[in-house]
Asker: 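One structure follows; several queries about it will come next.
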Amino acid sequence: MADVQPRRPRVVVLGGGFAGIGAARALKGADVDVVVVDKNNFHTFQPLLYQVATDLLETTAVGHALRDLFHEQPNVTVHQATATGIDLDAREVRFEEIEPLRYDYLVLGLGAVVTFFGTEGAAGHAFPMYTLADAERLRRHVLERWEAADRDPSLVADGALDVVVVGGGPTGVESVGALAELYREILTKDFPRVRPEDAKLTIVEAGPTLFSMFKPKLQEYTRRTLEDRGVEVVVGDAVSSVAPTRVTLKSGRVLNAHTLVWGAGLQANPIVASLGLELERGHRVRVESDLTVPEHPEVFAVGDIAWIAESPESVLPQLGSVALQSGACAGENVARLVGGKATKPFEYKDKGTMATIGRGAAVVQFRHGRTMKGKAAFLAWGAVHLALLSTGEDRAKAMVDWTWAGFSHERPGRITVPTDDRDEVGVGA
Ligand SMILES: Cc1cc2nc3c(=O)[nH]c(=O)nc-3n(C[C@H](O)[C@H](O)[C@H](O)COP(=O)(O)OP(=O)(O)OC[C@H]3O[C@@H](n4cnc5c(N)ncnc54)[C@H](O)[C@@H]3O)c2cc1C
């Protein structure tokens, strides 16, 4: 009788973000078959998206081929496919493009999606900052508006160059800070006929302050730094509707602006609705201390999709480092279960909460209250984020681009290449 090899347990990892990569990498050497599935064939480094949108980094420094990350890991297979539903009882995931996959263990790392909270016109006209496609779309739109205003200067008064950024959290502040640098140091030189005061940048936050998660002195520093860089800071007001060239605030104020960047809200990937689980705020999946989903010891939820509570009062934020570490812990726990051991609880190693405001300006707050701001904080931010980049090659690319931009104040990527050359030469006409 022929030997029948027992099938190795199959671990399906949904999502190739920080959380999914952390999980798959932690299974290196484990006696399992790992299948990583993502709707894109690349990993996106979200913390640097705003640098793509403002021409500081190229897309390839922020998106990295997923398959490349697993060359040294023979137990991993990668598929590009979109998950459409999960049957927790049947232990099966359905996809748009491939046959359903059955699993012995499932790691849910599908991240979050933008939510516009029903704001009128936002879905059609706002520019969110959550994917590489979003960043590229914003980059092209901004450059296109400057070229349009150059051809027809009357557009300047109509707000063609003005940008409203919604949300006073890290995404909003980092985006408006980077736009301020691009506007004041580059575009006003590219387009010398435009006076800096004719290209307005405004950040709008509904709450009483920017960066509500930081201490008041860091909030004040952030506000001052942005204002010094020519940004108007509006707090205690919210966007009520968005049209292609106008933004209306709840207070009734109407801003002429052809660009509205949305950095205001996220919710967990909508696929969680198919799970039949009770969801927490932001539709996040509550997990046990070992990151398993209640009643499903074979399913782990990690990263932005998960509600990871260290205590009833303290829920971990949706951050790259939380995603990477929780993913790694889930992978280690799967390996432990396969090896007949009990799982271990997740312990987050907090390196501090940090955000940039622009070149040479950042804020850092450590768990036990110590804070940093200015250049030292900017260097700390750079070091932590370089460490999060997925490969040495990406780190080298980012270093070169940042250093070059730091010395030269240049943004080499500010060209727009037509996406379909065939239209231009009339192929098929
Ligand atoms: C603009 C911005 C700035 C940020 N700045 C910072 C920062 O400075 N520091 C920091 O620590 N964190 C920052 N964050 C947060 C950090 O990026 C996230 O917490 C982290 O990316 C979450 O990782 P994740 O793996 O859970 O999800 P994601 O990184 O979102 O990965 C989810 C993956 O799932 C895939 N996917 C989604 N739906 C499907 C589907 N149906 N089928 C298949 N695949 C799917 C996606 O393509 C994606 O690759 C920032 C986020 C944004 C948006």
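Here, residue 1 is the first one in the sequence, and each next residue gets the next number. One-based numbering, in listed order, for ligands and for the atoms of each.
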Asker: Taking ring pair (Phe, Tyr, Trp, His ring centres under 6.0 Å) as the test, write out the residues that go with W307, two or more places apart.
Answerer: none
Asker: Can you tell me which residue and heavy atom of the protein come closest to atom 27 (O) of ligand 1, and the distance to 0.1 Å?
Answerer: G111 CA, 3.3 Å
Asker: If you measure from each non-hydrogen atom of H385 to ligand 1, which part falls under 4.0 Å: side chain, backbone, both or neither?
Answerer: side chain
Asker: What's the verdict on side-chain hydrogen bond (donor to acceptor under 3.5 Å, both in side chains) for E97 and T82, showing C-alpha distance, side-chain angles and the deciding distance?
Answerer: CA-CA 7 Å; E97 306 87 347; T82 306; 3.2 Å; yes
Asker: For atom 21 (O) of ligand 1, which of Q46, M129, H43 has the closest heavy atom?
Answerer: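 Ranked by closest heavy atom to atom 21 (O) of ligand 1, first place is Q46.
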Asker: Looking only at non-hydrogen atoms, which of V302, V114, D38 approaches atom 35 (C) of ligand 1 most closely?
Answerer: D38
Asker: On a heavy-atom basis, I'd like to know which of P170, G320, P270 is closest to atom 16 (C) of ligand 1.
Answerer: G320
Asker: Which of these, R10, R102, R8, sits in a salt bridge (charged side-chain N to carboxylate O under 4.0 Å, His left out) with D33?
Answerer: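 The residue from R10, R102, R8 that satisfies salt bridge (charged side-chain N to carboxylate O under 4.0 Å, His left out) with D33 turns out to be R8.
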Asker: Is it the side chain, the backbone, both or neither of A19 that has a heavy atom closer than 4.0 Å to ligand 1?
Answerer: both
Asker: Test of understanding: given a 4.0 Å heavy-atom threshold, classify the contact between L319 and ligand 1 as side chain, backbone, both, or neither.
Answerer: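 Near ligand 1, L319 shows its backbone as well as its side chain.
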Asker: Of G15, A81, G172, A323, which has the heavy atom at the shortest distance from atom 34 (O) of ligand 1?
Answerer: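 Nearest option to atom 34 (O) of ligand 1, by heavy atoms: G15.
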Asker: Atom 31 (O) of ligand 1: which protein heavy atom is closest, and how many Å away?
Answerer: G17 CA, 3.3 Å
Asker: Judging by distance only, is a nitrogen or oxygen of I305 under 3.5 angstrom from one on ligand 1?
Answerer: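 Between I305 and ligand 1 (N or O atoms, distance only) the closest approach is not under 3.5 Å.
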Asker: Answer with side chain, backbone, both or neither: which part of I271 has a heavy atom less than 4.0 angstrom from an atom of ligand 1?
Answerer: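 It is neither; nothing of I271 touches ligand 1.
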Asker: Minimum distance, heavy atoms only, to atom 39 (C) of ligand 1: which one of L110, L49, D134, V384 is it?
Answerer: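 Looking at heavy atoms only, the winner is L110.
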